[in-house]
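Computed from heavy atoms alone, side chains included, the values below leave out hydrogens, waters and symmetry copies.
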Amino acid sequence: MKIFVIFFAIFALVKSNVLERSKIFQDINCNIQDPDLDKCLLNGVRKSLPRWLKGIPELGVPPLDPLYIPKLTIDQVISDFVNITATYTNLEVMGFRNTVINSLKVDPQNLYGSIKITIPWLHIQTDFSLNGKIGPMSIENRGGHSEGNFTDIFFFMKASVKPYKKDDGLEYFKINKLHQEITISDGQIKVDTKDKQYQPAVEMMTSFFNQNAPSMLETASPIISKTSEKMTKNLLDNILSNIPTSEIM
Ligand SMILES: *[C@@H]1O[C@H](CO)[C@@H](O)[C@H](O)[C@H]1NC(C)=O
Ligand SMILES: *[C@@H]1O[C@H](CO)[C@@H](O)[C@H](O)[C@H]1NC(C)=O
């Protein structure tokens, strides 16, 4: 049996009669046997990008610009010294509409693929609360509002999928392995604390960050990549769980 695969569905789609019902698939009309499959997919994904950005409820894809994330928790255990749990709420990311897809590779036989993306500019704003400690200083329920502009974001992802059976008796794909590398070249942030008592200290920290943004962001890159990996995996598993493999084959 030949495998016609949807490799991570948000970015790459392979021809399927059933799925052609959906407008998104009109843009991506590739044959798995095409020796230039990667090129065909790349063109198709570029063409269909505006539709993905608007969101595709049938596939569980939320609107991506702005992207709204109700809640995100990140444990930032940087060392014994710094151990903070950051909870972000009402997080909004703007700017994905400028996404440039640099390259796309798929290996349908091994259900594997990779993608490289550049995002020229993102604006992020969020409410946040912090719990934990920095050295001897304990931080409980401190929070506020934060916003930032980030530029030249390089995104690399490789992933593989594997089939599994759902309760409905049909076979679906889910993410097997997923790896991301995210580099943010520069950024400027602004933080407003709820408790004005802390505002001067926070302003010292943010101005330190802003003056050293490229190296600070480089240090944060593994945390950013890991957090994004988890979110992407959930999103892609959700999308793939809406499309039986029989519709893809
Ligand atoms: C970080 O803090 C959490 C919650 O207070 C605690 O459970 C965990 O052991 C701490 N980790 C380190 C490395 O200090
Ligand atoms: C981010 O960019 C917007 C639009 O240019 C600007 O209004 C805002 O002040 C910037 N924020 C920061 C933290 O630099």
[atom1] ([X]) with more than 12 external heavy atoms under 6.0 Å:
X    : atom1 : result
E218 : CD    : no
K190 : NZ    : no
Y164 : OH    : yes
K196 : NZ    : yes

Quiz item: So, E92 versus Q125: side-chain donor-acceptor pair below 3.5 Å or not?
Solution: yes

Quiz prompt | Under 3.5 Å side-chain donor-acceptor pair for T193 and Q199 | solution =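 Yes, because at least one side-chain N or O of T193 sits under 3.5 Å from a partner of the opposite role on Q199.
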
Side-chain donor/acceptor of [X] to backbone N/O of [Y], under 3.5 Å:
X    : Y    : value
D107 : N110 : yes
D237 : I175 : yes
S228 : I224 : no
N141 : N131 : no

Compare every heavy atom of [Y] with every heavy atom of [X], then report the nearest pair and how far apart it is.
X    : Y    : value
S146 : V191 : OG-CG2, 3.8 Å
T87  : K71  : CG2-CE, 3.6 Å
A213 : G187 : CB-O, 3.1 Å
N102 : R46  : O-NH2, 3.8 Å

Quiz item: Mind checking whether H179 and F156 have parallel, tilted or perpendicular rings, split at 30° and 60°?
Solution: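 H179 and F156: perpendicular rings.
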
Quiz item: I74 and I134: same hydrophobic cluster, using ILVMFWY side-chain contacts below 4.5 Å?
Solution: yes

Practice problem: Tell me whether I124 is reachable from F154 by hopping between hydrophobic residues (I, L, V, M, F, W, Y) whose side-chain heavy atoms are closer than 4.5 Å. | Solution: no

Quiz item: Would you say the side chain of I189 lies within less than 4.5 Å of the side chain of F150, judging by non-hydrogen atoms?
Solution: yes

Quiz prompt | Close side-chain approach of L104 to V45, heavy-atom, < 4.5 Å | solution = yes

